[in-house]
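Encoded as structure tokens, the structure appears first; notes follow it.
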2 protein chains.
Amino acid sequence: MTASPLATPRTDLGQLGTDPVFMLIRAGAVGRARGNEVLRKMGLKTRDYSIISTAATREITQKELADFLMLNPSQVVSLVDDLETRGLVKRTTSPHDRRAKIVVPTAKGEKVFAEARERLTQTHEVLFAPLSTQERETLLRILPQLAFPADLAV
Amino acid sequence: MTASPLATPRTDLGQLGTDPVFMLIRAGAVGRARGNEVLRKMGLKTRDYSIISTAATREITQKELADFLMLNPSQVVSLVDDLETRGLVKRTTSPHDRRAKIVVPTAKGEKVFAEARERLTQTHEVLFAPLSTQERETLLRILPQLAFPADLAV
DNA sequence: TATTGTTATACTCTATAACTATA
DNA sequence: TATAGTTATAGAGTATAACAATA
């Protein structure tokens, strides 16, 4: 058999191997790849999941989704269009601001969300298997500070 | 003034706010955005930096770069083409395998790398400012395991 | 006047297939 | 036969500008 492409870097990572941002990006890419893989048979991508998941647990407008998920507003439009066509979410006009559209999951969307969430949680077991319980706790405490920096936007 | 788009999520993150992979992706995106911002005046992106940085500290072929950076081989071709045109790297044929091209930084490339590295290190000071010394150490110990999983490729 | 969502459009990034030269 | 690099091309993702409705 041929060696894993990841085996070599593991022994000699070079300068980037000490760059925390590079590793955050790569770790995220690994996780996203696994997520897309496991969601594919549901016809979803992690991007879709991020919309449904947020809409299912928070009242949120498209503008807020764009900020939260670091997407362009026009991207949110087409993502929500697609999810709406598939009957997973619907748009409702905000009672406080008739310009804003609140994205709400349908009953079907809730089911899909629950299943997708379950599948993704299983991938986490694998992804974070190398970490001790304490390391996982530390990571969960650290990440929000890096993912949502207090100082202004990105 | 208007509130930061990141202020709201900070108070109520919804379900994704507890998803470690989502936060890895977002933290990486925040870091990359800051990196691109600070490298822009050098005419570089973090993608270019990742090539130069690795070539400057390791003997590496284009194929290995593709695996290490999770890029398509054809992407590496055009990235290296561009860097070579700008006189920052050159290609040399591997003495062990005449198919393989080793990417080597030029003297100019070394200088650019050193300056870029300095600039990026400064952004890290800001990005990781919220973390204690111990948290930073833990993070640096954890990340390689997530970024370079032992089990096969992505 | 400014903002949300929308549309159209351009731009960048990524993936696929076919080719060459080497192995 | 298989692999590294290359090329051409298609597809997916992202960014920009203009507009209508609303604030």
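Labels below follow one simple rule: chain letters A, B, ... track the order of the sequence lines, proteins then strands, and each chain is numbered from 1.
For the pair B/Leu71 CG and D/dA4 C1', the interatomic distance rounds to 16 Å; values are reported in whole Å. Rounded to an integer number of Å, the gap from CG of A/Asp81 to P of C/dA8 is 11 Å. As a whole-Å value, the separation of B/Arg32 CZ from C/dT12 P is 16 Å. Atom P of nucleotide C/dT1 and atom CZ of A/Arg99 are separated by 17 Å, given to the nearest angstrom. Whole-Å rounding puts the B/Asn72 CG to D/dA4 P distance at 13 Å. The distance from atom CG of B/Leu44 to atom P of C/dT12 is 16 Å, rounded to the nearest whole Å. Atom CG in A/Leu79 sits roughly 14 Å away from atom P in C/dG5 (whole-Å rounding). What separates NZ of A/Lys63 from P of C/dT4 is a distance of 5 Å, to the nearest Å.
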Are any protein N/O atoms closer than 3.5 Å to N/O atoms in nucleotides 8-13 of chain D? If there are, list each pair with its distance.
residue: D/dG13; atom: OP1; partner: A/Lys45; partner atom: NZ; Å: 3.3

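Through side-chain heavy atoms spaced under 4.5 Å, either directly or across other Ile, Leu, Val, Met, Phe, Trp or Tyr residues, B/Ile102 is tied to B/Val104.
Remark: B/Glu110 pairs with no residue by the salt bridge (Lys or Arg N to Asp or Glu O under 4.0 Å) rule, at least two apart or across chains. Considering only residues two or more places apart in sequence or on other chains, B/Arg117 meets the side-chain hydrogen bond (donor to acceptor under 3.5 Å, both in side chains) condition with none of them. Take A/Asp82 and apply the side-chain hydrogen bond (donor to acceptor under 3.5 Å, both in side chains) test, not counting sequence neighbours, and it matches no residue. Listed by chain and residue number, B/Glu115 satisfy the salt bridge (Lys or Arg N to Asp or Glu O under 4.0 Å) test with B/Arg119 (two or more places apart in sequence, or in another chain). With sequence neighbours excluded, no residue forms a salt bridge (Lys or Arg N to Asp or Glu O under 4.0 Å) with A/Arg47.
DNA chain D is contacted by B/Arg91 of residues 87-98 of chain B, taking any non-hydrogen atom closer than 4.0 Å.
Applying the 6.0 Å contact sphere to CD of A/Gln122 captures more than 12 heavy atoms from other residues, nucleotides or ligands.
Applying the ring-ring contact (aromatic ring centres under 6.0 Å, His included) rule to pairs touching residues 28-49 of chain A yields A/Tyr49-A/Phe113, sequence neighbours excluded.
Remark on DNA chain D: of its neighbouring residues A/Pro73 and B/Val80, the 5'-side contact belongs to B/Val80, judged by nearest-heavy-atom nucleotide.
Under the 4.5 Å side-chain heavy-atom criterion for ILVMFWY residues, a single connected hydrophobic cluster contains both A/Met42 and A/Leu79.
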